[in-house]
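First listed ligand is number 1; within each ligand, the first listed atom is number 1.
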Amino acid sequence: MTELEAVIGLEIHAHISTKTKMFCRCSNDSFGLPPNVNVCPVCMGFPGMLPVLNEEALKKGIFAALALNCKIQKFSKFDRKNYFYPDLPKGFQISQYDQPISKDGCIRIEFESDDGNVGKDIRITRVHLEDDAGKLTHVRDGTLIDFNRTGAPLMEIVSEPDLRSAEEASSYAREVQKIIRYVGASEADMEKGMMRFDASVSIREKGSKSLNHRSEIKNLNSFKFLEAAITFEVQRQTENYEKEGHFQKEDFTVGWNDEKQEIYIMRSKEGSSDYRYFPEPDIPPIIITDKQIEEFKKDLPELPAKKKARFMKDYGLNEDDARVLTLDSLTADYFEKVVKICGDSKLAASFVLTILMKYLNEELITVSDQKVTAEMMGKLLKMVADGKISNNVAKGEVFEEMYKTGKDPSEIVKKKGLEQVSDTGEIEKACKKVVEANSEIVADIKGGKDKAIGSLIGLVMKEMKGKANPKIVDGMIRKML
Ligand code: ZN
Ligand code: MN
């Protein structure tokens, strides 16, 4: 039988983080507001109103495009995309058609293919700017409409059909999310509807270069839906091909019904001619000079892949740890501050990754939503590095108290009397006691089982309630034997 492969391209719509909407002064934050209070004559499309381009949205769109390795176009313009729909008061969307703000990007996704290859380049066709429509809510007796987000700034990121599976599509979408968050271009919060996907799916004979008729699955608003819908559609087209002996004969626009876990057909796919695109007469073209592009590049924050490589090199971290620490810039900044204060990157990585993250994951919050600041964490680890408190005491009692109360670690250590004992007299007493009481272990060690010394150290630590300096204990026991 012919071997088939899936051909998938993604369009990602992401809300741009700005104070105001794309072409008017309405706030870009309608979260929690009652419906239809955040509107004005411009975003409602009243006759005679003049839209004005939001500079902040333009700048952030360019940041996103640069971060996705796109070429910024020196000349770009806006166009009207005409269609009728109740959520579109103007009767058209202001978008970019043939001259978008940027083209020809590419990002690398970390993806393990069947032949064991890690990493794959996914080409990006373009990133362009446009405004959002309103929100329709279908209820039993009709449809409700909320125009609060009408006119909100969007960027649309279009990929080439380089993706070959639902997993690849999802890992590409996650990478894009990470990148646009990093550069502050979008919060890309799926739960708040700030990022959504349209996936184009077709199949072909493996190795073929042709692009067959596709289904465009609209408005997938979670990674889970994205994967489920693509998996379903690839399967559906494959079964049809096996039954009918040919590929899909036209393009379809389809939706995903998550309750039924199936695709439903919305309409046969519209071509660009259906939209009667023409240049937006009220907004002048955008001209960007080489010098401005250089300035944008200078202002661009460090990107995840670069940061990860730097963390591995500068802090001696393994790839996994570096990857997790650089998943978002908040955590990465936090980690770097902690290292600066305590001077021990391995210790800092281990505390941030295993202790702090365990607490954060339980509550599903980020480093900025909790009480242990980087300064406090740094101080705590400095005490560990200096041998003032033991690692276990720091991990346990002290951190827990810091996390709960936000109190300074040195205060907690003093109050609870947790300082590590380096007083050799006291440690010697405990060691003697343990050595005398455990003649069997001592005999083992003398018989060559050097590892058994660990259990003696453990017993001494227990005797001293975890407060002895384990290095001193180790030295002292060796001396005694
Ligand atoms: Zn407005
Ligand atoms: Mn769009």
Exercise. Is it true that E175 and K178 make a salt bridge, defined as a side-chain N closer than 4.0 Å to a carboxylate O?
Worked result: yes

For this session: State whether the side chain of E280 and the backbone N or O of D282 hold a donor-acceptor pair below 3.5 Å, judged by distance alone.
Result: yes

Exercise. Are any of the side-chain nitrogens in E56 or K60 under 4.0 Å away from the carboxylate oxygens of its partner?
Worked result: yes

Exercise. At the Zn ion (ligand 1), what angle lies between atom SG of C40 and atom SG of C26, rounded to 10 degrees?
Worked result: 100°

Problem set entry | Y275 ring center within less than 6.0 Å of Y97 ring center | no

Exercise. Relative to the Mn ion (ligand 2), which of the N, O or S atoms in E130 is the closest?
Worked result: OE2

Problem set entry | N, O or S atom within E156 nearest to the Mn ion (ligand 2), by name | OE1

Problem set entry | the Mn ion (ligand 2) to nearest N/O/S of H13 below 2.8 Å | yes

